[in-house]
Structure formats: structure tokens, C-alpha cells
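Within every chain, numbering begins at 1; the chains are lettered A, B, ... in the order of the sequence lines, protein sequences first and strands thereafter. No hydrogens, no waters, no symmetry mates; every other heavy atom, side chains included, goes into these values.
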Protein chains: 2
Amino acid sequence: MTSKANQIAAEPKRRGRRPGGQDTRAALIAAAREVFAESGYQSATVRGIARRAGVDAAMVNHWFGSKEGLFAEAVLELPFAPQTLIDEIIEGDLETLGERIVRKFLTVWDAFGGGTFAALVRSVTSHEQAAEVLQDFFVKYLFSGVLKTTGSDNPKFRASLCASQMVGLGMVRYVARFEPLASADIETVVDAIAPNMQRYLTGTITRNG
Amino acid sequence: MTSKANQIAAEPKRRGRRPGGQDTRAALIAAAREVFAESGYQSATVRGIARRAGVDAAMVNHWFGSKEGLFAEAVLELPFAPQTLIDEIIEGDLETLGERIVRKFLTVWDAFGGGTFAALVRSVTSHEQAAEVLQDFFVKYLFSGVLKTTGSDNPKFRASLCASQMVGLGMVRYVARFEPLASADIETVVDAIAPNMQRYLTGTITRNG
DNA sequence: GCGATAATTCATGCGTTGTTGAACTTTTCG
DNA sequence: CGAAAAGTTCAACAACGCATGAATTATCGC
């Protein structure tokens with residue numbers, strides 16, 4: 001007990017600048033990732049994010065201008081460079097490309113606890129730009145990049161097929177959490193899905209339309 | 001021009017009961033499907049739905065008790081009976097089961113303009129129950145039902161794999177609208193995806209975990 | 001040390017949301 | 001035809017949303 005006598009709940013924080021270099025900005029981004037992932041853009045409130053970060057709601061406007069600005073930095077910025085991923089994926093045998101993609105996908109997103117992927121997908125709901133980011137990541141960066149180097153026919157159609165399987169995997173594992181896929185270990189999932197990815201990448205795909 | 005002189009925009013509607021048996025209830029449900037599909041649960045406003053239905057916002061509470069109640073009737077109730085679907089799908093050769101599933105999936109959801117599927121998926125964002133409905137539809141009703149009659153091994157694992165591909169297809173085609181998959185005609189998509197579905201249904205799937 | 005600047009909380013403004021009760025009009029039924 | 005019931009709009013409320021400006025305290029450059 002401090003000398004300030006017994007206040008019912010949280011003592012009202014002191015005004016003014018806090019001592020020590022506490023990185024409020026980073027704390028807000030981390031909290032925002034969590035809350036946006038749980039609730040999506042609209043349902044998430046500035047107050048709720050600030051509360052979880054342990055600071056006042058006004059800090060959101062101070063550091064990011066608006067809720068929108070915070071969203072852009074916390075969710076719309078991918079937490080890794082796509083090109084690095086592509087380089088790591090491409091290296092290796094063409095017949096095991098699907099395997100490497102699925103494994104990398106699971107490894108990367110599992111590392112973030114699925115929160116960032118869920119945030120991205122959940123935001124497609126209420127935020128126009130999020131759909132673009134998702135599409136850019138999958139179709140433009142990831143698969144088009146991969147398929148360009150392999151020189152396949154119908155690269156865009158193949159890319160959207162691959163995206164459909166990966167988006168679905170992400171939805172089921174990280175957002176909707178269907179069992180047993182949500183809890184299966186990575187290699188089990190790789191074994192199950194990689195052959196199908198491989199077919200989208202290098203198998204025979206006829207394009208009538 | 002009526003005798004009421006020139007009012008700038010929409011003339012204020014007359015009070016009281018409207019003549020003729022206009023089905024306000026049904027109009028609200030239809031409008032709600034659209035708006036929930038575009039915006040998700042939180043972003044959709046009662047006033048916006050009512051405006052699109054051409055009635056007063058208070059009608060939502062009159063007919064459905066609350067926004068929540070309207071959501072339950074408009075989105076959570078599937079627009080068709082799952083058992084009917086299963087019956088139609090199962091009939092036929094086991095080797096072409098994947099083909100029939102993909103075709104039926106596209107036919108059904110295309111018929112609703114994709115709106116209902118988008119509404120369902122978009123609602124997973126902000127509404128706890130919606131995730132259950134989605135899971136129930138895919139895993140419990142659709143694929144478990146199908147796989148039970150075919151007597152496969154690992155039916156639940158196979159079901160969630162199938163769900164991942166179908167959810168992904170729905171996301172890409174109806175929600176995020178990645179091209180060219182979003183606009184491809186049904187048979188093209190069937191040709192591309194059915195073989196992969198078939199593998200999830202009857203191919204060899206090892207389950208380590 | 002001291003002024004300038006940056007970081008933080010608080011109080012408040014202003015718009016929007018879901019919901020409710022009253023007033024009003026048409027239909028239904030005896 | 002007349003009274004009760006059902007359908008509909010309107011006005012208003014209380015709660016909550018984001019954003020802003022003033023007040024307060026720490027750090028930094030000299």
C-alpha cells in the first residue's frame with residue numbers, strides 16, 4: 001500500500017510526461033494488433049486499445065493522428081518483407097515448391113500467434129484498403145513473384161487458385177478455428193495440403209473462360 | 001408536382017399505417033442481407049438498413065426487437081436446408097464427388113449474388129455466433145454428412161481440409177474478389193478445383209498429429 | 001541550472017447509434 | 001358503421017464513439 005490511502009480501483013495516473021523511456025508508441029501498436037485481430041476495425045475502440053496499452057486514449061491521436069492512422073501502422077504494414085519470403089521459398093526443387101510454400105506460410109503466421117493474419121482478414125470486413133493489402137500480398141507479391149520465376153502458363157489464374165487455398169487455410173486455422181485443422185501441427189498440415197498446392201503451381205490447369 | 005409545393009428532397013412520409021399489404025418485414029430482411037454483407041455487423045447501422053428498405057428505423061425494433069434479432073433472421077438463418085444439399089451432392093459416382101461439391105457450392109452462392117456468403121463471412125468479424133454457423137455449415141452439416149456416407153478414414157480432418165478450400169474459394173470469389181477467380185465462369189473453376197477437393201475426400205491423407 | 005520542447009492526462013465537444021413512447025392512419029372484425 | 005388492433009412515422013434520449021485543447025510534468029540542449 002502506498003501512502004496515498006486506499007483508492008477503490010486503479011489510482012488516477014499522474015499528469016504529464018512519464019519518467020523513463022517507455023515506448024508508448026510501440027505499446028499502442030502492439031495493443032492495436034491484438035484488439036483489431038479480436039474485433040475488426042469497427043468494433044475495436046480507441047479507448048479499448050489505449051486501455052490495453054496502459055495509456056490515455058488521446059495518445060492515439062497524438063502519435064497516429066487518428067484511429068485510421070493507427071490501423072494503417074499496426075495492421076496494413078506487413079510485419080516482414082515479402083521479397084525476403086519469396087527468395088527463401090524459391091530456392092530449391094520445383095517439385096517441392098508447394099511444400100515449401102505451405103510450410104513457410106504456417107511458420108510465419110504461427111509465429112505471430114495468428115493474430116496479425118486474423119487482424120488482416122477481419123479487417124477486410126470494414127475496411128476497403130485491407131482487401132487490397134491481402135490481395136497484394138497473395139497475388140501480386142507472393143504467387144506472381146513465385147510463378148514469374150518458374151515461368152508457368154496462366155500465372156494469374158494459378159496465383160488466385162493458390163491464394164484461395166492459403167486464404168482458406170488461414171481462415172480455418174487462425175480466424176474461425178475449425179478443428180482439427182486449427183490445432184494440427186505444422187508438418188501434418190504440410191503433408192495434407194502441399195500436394196494440392198503443387199498441382200495449382202505446376203499441374204495441368206485448363207482455363208476455358 | 002403535387003399540391004404540396006416544391007420540397008427540396010424526399011417529401012416526409014405520411015404518418016400511420018401504409019395502405020396495401022406491403023411486406024415491411026420482408027423488405028427489412030432483404031435490405032439487412034445486403035447491408036450486413038457490405039459492412040459486417042458493427043458497421044451496418046439500423047438507420048442505414050431501414051433507409052434502404054424505405055421504412056423508418058423504428059420498424060426494426062417493432063418487427064425484430066433489436067438489431068441483434070434482425071441479424072439472427074437475416075444472416076444466421078441459412079437460406080436453404082443443408083440436408084437437401086447433401087442429398088443432391090451424394091447421389092452419383094464417388095470419383096466425381098469433388099466435382100459435384102464444387103459445382104453445387106458455386107451454383108448456390110452465385111445465385112445469391114454472393115451476398116449471403118459474404119454476409120456470413122464478414123460477420124465472423126464482429127459476431128461470435130457467426131463463426132459457429134459457418135463451422136456448423138461446413139464441418140458438421142456439409143462435409144461430415146458427406147464423409148459419413150462414404151465411410152472415409154479421418155472424416156473430421158478431411159472435413160476441415162475440404163472446408164479450408166471452400167472457405168478460401170468463397171473468400172476469394174465473393175468477399176475479397178481476387179481476379180481472375182472472382183469473375184471466372186463456374187465450369188472453369190470446377191475444372192481447376194475439383195481434383196483437389198477429390199483428393200481431400202478420397203485420396204490418401206496421412207494424419208501424424 | 002534554465003528555458004524550450006516533448007509526452008502525457010483530463011475535461012469536454014460534437015456527432016452517431018440503438019432504442020423507446022407517443023401520435024397518427026389504415027385495416028380488420030363484430 | 002364503429003371500435004379495437006395493427007402498422008407506421010416522428011421526436012427525443014441515453015450511451016458511446018472519436019477527436020481536440022488546455023493543463024501538467026518530464027527530458028533535452030545549452
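Closest contact between the side chain of B:Met59 and the listed nucleotides D:dT9, C:dT19, D:dC18 involves D:dT9.
Looking at heavy-atom distances under 4.0 Å, A:Ala50 makes no contact with the nucleic acid at all.
As rounded to whole Å, 15 Å separates atom C1' of C:dG18 from atom CD of A:Gln42. The CZ atom of A:Arg25 sits 15 Å away from the P atom of C:dA6 (whole-angstrom rounding). The distance between atom CG of B:Asn61 and atom P of C:dG21, rounded to the nearest whole Å, is 11 Å. Counting to the nearest Å, the C1' atom of C:dT8 and the CG atom of A:Asp23 are 14 Å from each other. Straight-line distance from the CZ atom of B:Arg51 to the C1' atom of C:dT17: 13 Å, rounded to whole Å. If you measure from atom CH2 of A:Trp63 to atom P of C:dA6, you get 10 Å, rounded to the nearest angstrom. Taking atom CD1 on A:Ile49 and atom P on D:dC16, their separation rounds to 18 Å, with Å as the unit. The distance between atom NE2 of B:His62 and atom P of D:dT9, rounded to the nearest whole Å, is 11 Å.
Qualifying side chain to side chain donor-acceptor pair (under 3.5 Å) partners for B:Thr96, counting only residues two or more places apart in sequence or in other chains: B:Arg100. Legend: residues meeting side chain to side chain contact (heavy atoms under 4.5 Å, CB included) with A:Ala27, ordered by chain and number and at least two apart, are A:Ala53. In this structure, the side chain to side chain contact (heavy atoms under 4.5 Å, CB included) partners of A:Thr107, at least two apart in sequence or on a different chain, are A:Arg103, A:Ile186. Applying the side chain to side chain contact (heavy atoms under 4.5 Å, CB included) rule to A:Ala32 yields the partners A:Phe36, A:Ile49, A:Leu70, A:Ala74; only residues at least two apart in sequence or on another chain are considered.
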Polar-atom pairs under 3.5 Å, protein N or O versus N or O of nucleotides 11-16 of chain C: list them with distances, or write none.
none

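Side-chain N/O atoms of A:Ser66 include none lying less than 4.0 angstrom from OP1 or OP2 on D:dC18.
Contacts classified as salt bridge (Lys or Arg N to Asp or Glu O under 4.0 Å) and involving residues 167-176 of chain A (residues at least two apart or in different chains) are given here: A:Asp110-A:Arg173.
Comment: B:Arg25 engages B:Glu73 in a salt bridge, judged by a side-chain N to carboxylate O separation of less than 4.0 angstrom.
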